[in-house]
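First the structure, in the form of structure tokens, and then the observations on it.
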Amino acid sequence: GARLGAIDDAIEPGKNGWLFAPGDKDDLAKALIAALSDLETTKAAGRAAREYVETFHSPERQCRETLGVYGKALRRIGAGEFAGKWKEPA
């Protein structure tokens with residue numbers, strides 16, 4: 001993947017994917033050659049990438065984390081932490 005945003009955090013080159021500089025065709029070509037030159041490593045990287053996504057980005061986890069954020073915000077509101085800091089919409 002292109003080195004943008006959180007992709008750098010998710011991809012470990014050669015382990016679960018390959019990285020390249022955005023807009024750099026030569027760097028992309030190097031990543032593709034690396035992936036295509038060793039198909040066993042590429043298959044293993046694909047399996048590792050799937051495991052990463054299923055572990056850290058499952059719908060269940062995303063829901064749990066989103067509900068946690070809302071729960072925290074509601075507790076802070078209930079504790080009066082934001083009192084007087086914003087107006088209710090009209």
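Note that this is a predicted model, so its numbers are computed, not measured. Along the sequence shown, residues are numbered consecutively beginning with 1.
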Original post:
Does CD in Glu51 sit with more than 12 non-hydrogen atoms of other residues, nucleotides or ligands closer than 6.0 Å?
Top reply: no
Subject >> Flag, side chain of Ser37 to backbone of Ala34, donor-acceptor distance under 3.5 Å >> reply: yes
Subject >> From CG (Leu36) to OG1 (Thr41), nearest 0.5 Å >> reply: 12.0 Å
**OP:** Please report the shortest heavy-atom distance between Ala2 and Ile7, naming the atom on each side.
**Re:** O-CG2, 3.4 Å
**OP:** For the pair Arg64 and Glu60, find out whether any cationic side-chain nitrogen is under 4.0 Å from an anionic carboxylate oxygen.
**Re:** no
Original post:
Can you tell if the side chain of Asp27 reaches within under 4.5 Å of the side chain of Arg3, non-hydrogen atoms only?
Top reply: yes
**OP:** Supply the atom-to-atom distance Leu67 CG to Leu74 CG, rounded to the nearest 0.5 angstrom.
**Re:** 10.5 Å
Original post:
Is it true that a side-chain atom of Asn16 and a backbone atom of Ala10 form a donor plus acceptor pair closer than 3.5 Å?
Top reply: yes
Original post:
So, for Gly68 and Arg75, which heavy atoms are closest and what is the spacing to 0.1 Å?
Top reply: O-NH2, 4.4 Å
**OP:** For a side chain to side chain contact (heavy atoms under 4.5 Å, CB included) with Trp18, tell me which candidate from Thr42, Ile11, Leu32 qualifies.
**Re:** Thr42
Original post:
Salt bridge or not for Arg50 and Glu54, using N-O below 4.0 Å?
Top reply: yes
**OP:** Measure the spacing between NZ of Lys43 and CG of Asp38 and express it to the nearest 0.5 Å.
**Re:** 10.5 Å
**OP:** Please tell me if the side chains of Glu12 and Tyr52 come closer than 4.5 Å, counting only heavy atoms from C-beta onward.
**Re:** no
Subject >> Side chain to side chain, Arg61 and Phe56, heavy atoms closer than 4.5 Å >> reply: yes
